[in-house]
Amino acid sequence: MSNAITPDIHLSAITAADASDITAHLQDHEVSRYTLLIPYPYTLEMAHEWIAGIADDVQRNGRDTLWAIRESSGRIIGAVELHPGSAGKQHVSEIGYWLAKPYWGRGIMTAVVKTVVDRGFREYGVRRITAPIFAPNAGSGRVLEKNGFVMEAPLLRLAYHRDGQFYDGRLYALVREE
């Protein structure tokens, strides 16, 4: 998928050339602290391993599920994933994302989520998209709410463990009605 989000932001495939920028962005603990799958500290080797696994995901899922968020120069500034559901839940996908801190507060992620959700519903046949978040991650909650997601579970007690600390969670979802 190569989609223009705004005149300055677009989505495209993640490539091996992105590894150093990914590593630099994820060295900021504020970017990864409310994620489960991004370790901290983050190394260049981790970036290369992650990128190498993307092709396996595409082959396993039969479609792209993960995209780079890029600024107009082509430099990666974040990533977004629409992870497909498991057996019996093929109609459900889970969205996850991160954005480099210098780009926070500009509406970029709100626009990215809208584009990916629209694609999930329109092209992938998804009927429900979920987004579990760490309860303290108010910014992510706002992004989801601006895109019509409903907080279905406002308190998932001790749902996450990160950096030696337990966090409550929230579950957001958006359903395509027919």
Strictly distance-based, threshold 3.5 Å: is any side-chain N or O of [X] a donor or acceptor partner for the main-chain N or O of [Y]?
| X | Y | value |
| --- | --- | --- |
| Arg162 | Thr35 | yes |
| Arg127 | His91 | no |
| Asp28 | Lys101 | no |

Cluster link [X] to [Y], ILVMFWY, side chain under 4.5 Å:
| X | Y | result |
| --- | --- | --- |
| Ile69 | Trp50 | yes |
| Ile76 | Tyr103 | yes |
| Phe121 | Val150 | no |
| Met109 | Phe134 | no |

Any ion pair linking [Y] and [X] (charged N to carboxylate O, less than 4.0 Å)?
| X | Y | answer |
| --- | --- | --- |
| Arg60 | Asp56 | no |
| Asp18 | Arg75 | no |
| Arg128 | Glu152 | yes |
| Asp168 | Arg157 | no |

(request) Grab the two heavy atoms, one from Leu66 and one from Glu81, that are nearest each other, plus how far apart they are. (result)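 Minimum heavy-atom separation between Leu66 and Glu81: CD1-CB, 3.5 Å.
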(request) Taking atom types as modelled, find out whether Asp163 and His29 have a side-chain donor-acceptor pair closer than 3.5 angstrom. (result)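 On atom types as modelled, these side chains qualify, holding a pair under 3.5 Å.
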Can you tell me how far apart [atom1] ([X]) and [atom2] ([Y]) are? Round to the nearest 0.5 Å.
| X | Y | atom1 | atom2 | value |
| --- | --- | --- | --- | --- |
| Met151 | Arg170 | CE | CZ | 5.0 Å |
| Glu145 | Leu174 | CD | CG | 12.0 Å |
| Met46 | Ile51 | CE | CD1 | 13.5 Å |
| Ile133 | Phe149 | CD1 | CZ | 11.0 Å |
| Ile5 | Asn3 | CD1 | CG | 6.0 Å |

(request) Report, as yes or no, whether the 6.0 Å neighbourhood of atom CZ on Arg142 holds more than 12 heavy atoms from other residues, nucleotides or ligands. (result)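 12 or below, so no.
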(message) If you count every heavy atom of other residues, nucleotides or ligands that lies below 6.0 Å from Leu37 atom CG, does the total exceed 12?
(response)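 At most 12 heavy atoms, drawn from other residues, nucleotides or ligands, come within 6.0 Å of this atom.
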(message) If the test is side-chain hydrogen bond (donor to acceptor under 3.5 Å, both in side chains), which one of Tyr97, Tyr34, Trp98 qualifies with Ser140?
(response) Tyr97
(message) Let's go through Arg119 and Tyr124 carefully: what are the C-alpha distance in whole Å and the side-chain angles of both, what is the deciding distance for side-chain contact (heavy atoms from CB on, under 4.5 Å) to 0.1 Å, and is it a yes or a no?
(response) CA-CA 7 Å; Arg119 175 160 274 205; Tyr124 294 174; 4.0 Å; yes
Quick one, [X] and [Y] - any side-chain contact, counting heavy atoms below 4.5 Å?
| X | Y | result |
| --- | --- | --- |
| Leu82 | Trp67 | yes |
| Val116 | Leu11 | yes |
| Ile129 | Val126 | yes |
| Glu94 | Pro132 | yes |

(message) Using side-chain contact (heavy atoms from CB on, under 4.5 Å), reason through Ile22 and Ile14 one step at a time and then give a plain yes or no.
(response) CA-CA 10 Å; Ile22 291 167; Ile14 296 173; 4.1 Å; yes
(request) For Glu45 and Thr43, run side-chain hydrogen bond (donor to acceptor under 3.5 Å, both in side chains): C-alpha distance rounded to whole Å, both residues' side-chain angles, the deciding distance at 0.1 Å, then the answer. (result) CA-CA 5 Å; Glu45 182 180 338; Thr43 66; 5.4 Å; no
